[in-house]
Amino acid sequence: MIVCFGSLNADLVFRLPEIPRSGQTLLADDLAVQAGGKGANQAVAAARDGAAVAMAGAIGSDALAEVALSGLREAGADIARVRSLAAATGCASIWIDAAGRNRIAVALGANAQARADQITDADLARATSLLLQMEVAMQETAALLRRARALGLRAILNLAPALPLDTDTLRLAGLLVVNEDEAEATALRLGCAPEAAALRAALGIDVVRTLGEAGSEAATQDGAWHVPARVIDPVDTTAAGDCFVGVLAAALDRGAPLRAAMERASVAAALACGRRGSQASLPRRAETDRALGT
């Protein structure tokens with residue numbers, strides 16, 4: 001079982017011919033209201049790829065709460081550890097232009113009140129992986145990293161956004177996943193280069209760095225390698241990174257080697273880029289199997 005602690009949002013997705021400039025008002029071609037949030041996105045991606053997933057986080061008491069939960073329910077994730085609070089549900093405003101590029105603003109809402117103690121030690125003892133991101137309170141994520149290390153549980157930390165977790169806390173992760181911007185920010189704090197090999201040398205943990213259309217790279221104690229991306233014409237890249245992380249976690253949970261897990265995650269992310277939406281774009285296991293030719 002993968003235990004995921006992170007954000008649950010309602011996404012307001014605006015499709016426009018181009019991203020508005022400062023002071024400019026443009027009419028959107030379309031508006032969709034969908035489930036999102038990095039935590040929920042990754043949990044849904046893992047569940048659709050066949051993993052048993054338990055989600056922990058927080059939603060508000062407003063009309064957007066059921067939107068935020070809808071994808072998790074549909075994917076069959078265990079949501080017993082999601083708290084409902086007297087607060088606003090987290091919400092993201094996503095602007096997508098005709099080329100599939102996006103800009104995103106996020107209001108954390110109830111996500112800021114998600115707490116590590118929603119996950120018990122018994123939950124962690126039953127789990128095979130702990131999946132974390134950074135759209136909840138940083139100290140709560142740090143607390144779970146410490147508990148996972150004490151119990152010998154692998155923690156996969158997607159440092160998104162790249163908040164300044166201290167070095168000792170970062171070293172508690174079994175696997176760090178960053179994109180190019182997150183790698184740059186982390187490398188600046190560590191005083192090293194942003195490549196996966198340099199980050200691994202500075203932290204002493206396995207690192208995966210995603211590179212968009214250039215694929216992904218990894219550095220572990222067994223060496224370093226690069227996995228190319230599928231060549232596609234993207235429709236919507238909103239959930240591609242979360243898809244990669246969730247499917248990576250699911251493949252590792254089934255015992256796949258990291259390189260094979262990255263190859264699978266890269267194919268799944270390419271499928272997600274070919275569809276509109278956040279959680280709506282995430283592929284199911286059979287779709288990814290077919291795309292891999294397995």
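Every value quoted in this text rests on a predicted model; they were computed, and no experiment measured them.
Under the 4.5 Å side-chain criterion, counting only non-hydrogen atoms from C-beta, M262 is in contact with V208. For the pair I94 and L12, the minimum side-chain heavy-atom distance is 4.5 Å or more. Here the side chains of L69 and V67 are not in contact, with every heavy-atom distance at 4.5 Å or above. No side-chain heavy atom of I96 sits less than 4.5 Å from a side-chain heavy atom of L16. The closest side-chain heavy-atom distance from S281 to R276 is not below 4.5 Å. Residues R254 and R264 have side chains in contact (heavy-atom distance under 4.5 Å, counting atoms from C-beta outward). Put simply, the side chain of D29 does not reach to within 4.5 Å of the side chain of F14, judged on heavy atoms. A 4.5 Å side-chain heavy-atom check between S7 and L108 finds every atom pair outside the cut-off.
A donor-acceptor pair is defined here as one N or O able to donate and one able to accept, closer than 3.5 Å; such a pair exists between the side chain of R48 and the backbone of L282. A donor-acceptor pair is defined here as one N or O able to donate and one able to accept, closer than 3.5 Å; no such pair exists between the side chain of S129 and the backbone of I2. One N or O on the side chain of Q118 and one on the backbone of G57 form a donor-acceptor pair closer than 3.5 Å. Without hydrogens or angle criteria, T186 side chain to E182 main chain gives a donor-acceptor distance under 3.5 Å. For S84 (side chain) and I59 (main-chain N/O), no donor-acceptor pair under 3.5 Å exists by modelled atom type. Of the possible polar contacts, none joining the Q113 side chain to the A110 backbone as a donor-acceptor pair under 3.5 Å is found. No donor-acceptor pair closer than 3.5 Å links the side chain of S266 to the backbone N or O of E263. Looking only at distances, a side-chain donor or acceptor of R230 sits under 3.5 Å from a matching main-chain atom of A291. Using modelled atom types, no side-chain atom of D253 and backbone atom of A250 make a donor-acceptor pair closer than 3.5 Å. Although no hydrogens or angles enter the test, the distance criterion places no donor-acceptor pair under 3.5 Å between the side chain of H226 and the main chain of A218.
At a threshold of 4.0 Å, the pair R209-E217 counts as salt-bridged, since one of the basic side-chain nitrogens sits closer than that to a carboxylate oxygen. Under 4.0 Å is where a charged nitrogen must lie from a carboxylate oxygen, and between R81 and D123 at least one such pair does. Under the 4.0 Å criterion applied to side-chain N and carboxylate O atoms, R101 and E18 are not assigned as salt-bridge partners. We find that R15 and D97 are not joined by a salt bridge, their nearest charged nitrogen and carboxylate oxygen being 4.0 Å or further apart. Between D242 and K38, at least one side-chain N (NZ, or NE/NH1/NH2) sits under 4.0 Å from a carboxylate O, which counts as a salt bridge.
By the criterion of side-chain heavy atoms lying less than 4.5 angstrom apart, applied directly or through intervening Ile, Leu, Val, Met, Phe, Trp or Tyr residues, V82 is not grouped with V53; the two fall into different hydrophobic clusters. Note on L172 and L165: same hydrophobic cluster, where clusters join Ile, Leu, Val, Met, Phe, Trp and Tyr whose side-chain heavy atoms are under 4.5 Å apart, directly or indirectly. Residues L163 and F5 share a hydrophobic cluster, clusters being chains of Ile/Leu/Val/Met/Phe/Trp/Tyr side chains in contact below 4.5 Å. Residues L132 and M138 share a hydrophobic cluster, clusters being chains of Ile/Leu/Val/Met/Phe/Trp/Tyr side chains in contact below 4.5 Å. Residues M134 and V3 are members of one and the same hydrophobic cluster, defined by side-chain heavy-atom contacts under 4.5 angstrom among Ile, Leu, Val, Met, Phe, Trp and Tyr.
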After noting the C-alpha distance and the side-chain angles of R73 and E66, does the key distance pass the side-chain contact (heavy atoms from CB on, under 4.5 Å) rule? CA-CA 10 Å; R73 291 190 197 278; E66 281 303 312; 3.3 Å; yes
Checking R189 against E184 for the salt bridge (charged side-chain N to carboxylate O under 4.0 Å, His left out) test, could you report, in this order, the C-alpha distance in whole Å, the side-chain angles of both residues, the deciding distance, and whether it holds? CA-CA 9 Å; R189 291 195 295 272; E184 289 277 359; over 6 Å; no
Just do the side-chain contact (heavy atoms from CB on, under 4.5 Å) check on V13 and W95 with the steps written out, would you? CA-CA 6 Å; V13 185; W95 300 352; over 6 Å; no
Run the side-chain contact (heavy atoms from CB on, under 4.5 Å) check on L176 and D206 step by step: do they pass? CA-CA 6 Å; L176 178 68; D206 294 347; over 6 Å; no
Would you check, one step at a time, whether the test side-chain contact (heavy atoms from CB on, under 4.5 Å) holds for E135 with N111? CA-CA 7 Å; E135 283 187 338; N111 292 310; 5.8 Å; no
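Enclosure of atom CD in Q24 by more than 12 non-hydrogen atoms of other residues, nucleotides or ligands within 6.0 angstrom is indicated. Dense packing is recorded around CZ of R83, with more than 12 heavy atoms of other residues, nucleotides or ligands lying under 6.0 Å away. The number of heavy-atom neighbours closer than 6.0 Å to CD of E213, taken from other residues, nucleotides and ligands shown, is 12 or below. When the shell of 6.0 Å around CG of L27 is examined, it contains 12 or fewer heavy atoms from other residues, nucleotides or ligands. Atom CG of D233 sits in a sparse spot, with 12 or fewer heavy atoms from other residues, nucleotides or ligands closer than 6.0 Å.
Taken from CG in D49 to SG in C243, the straight-line distance is 8.0 Å, to the nearest 0.5 Å. Atom CG of residue N9 and atom CG of residue N41 lie 8.0 Å apart, to the nearest 0.5 angstrom. The CG atom of L31 sits 9.5 Å away from atom CD of Q34, with the distance rounded to the nearest 0.5 Å. From L124, atom CG reaches atom CE of M1 across 8.0 Å, with rounding to the nearest 0.5 Å. Interatomic distance, R149 CZ to L130 CG, rounded to the nearest 0.5 Å: 12.0 Å. Atom-to-atom distance recorded for E195:CD and E180:CD is 10.0 Å, nearest 0.5 angstrom.
Residues A249 and L131 come closest through the heavy atom pair CB-CD2, 4.3 Å. A pairwise comparison of heavy atoms in C192 and L199 identifies SG-CD2, 3.8 Å as the closest pair. Of all the heavy atoms in T89 and G60, the pair that sits closest is OG1-N, 3.0 Å. The minimum heavy-atom distance between A116 and E140, with the atom names listed, is N-OE1, 2.8 Å. Nearest heavy-atom pair across C91 and L64 is SG-CD1, 4.3 Å. Contact between A75 and V44 at its shortest, heavy atoms only, is CB-CG1, 4.1 Å.
Defined by atom type and a distance below 3.5 Å, a donor-acceptor pair is present between the side-chain atoms of Q42 and Q133. A donor-acceptor pair shorter than 3.5 Å can be found between the side chains of S278 and D11. With hydrogens and angles left out, the side-chain atoms of T210 and N179 include no donor and acceptor closer than 3.5 Å.
Results of the side chain to side chain contact (heavy atoms under 4.5 Å, CB included) test with L157 over L175, L170, V245, V178 single out L170 as the only residue that passes. If you run side-chain hydrogen bond (donor to acceptor under 3.5 Å, both in side chains) between R147 and each of D117, T120, D121, only D121 comes through.
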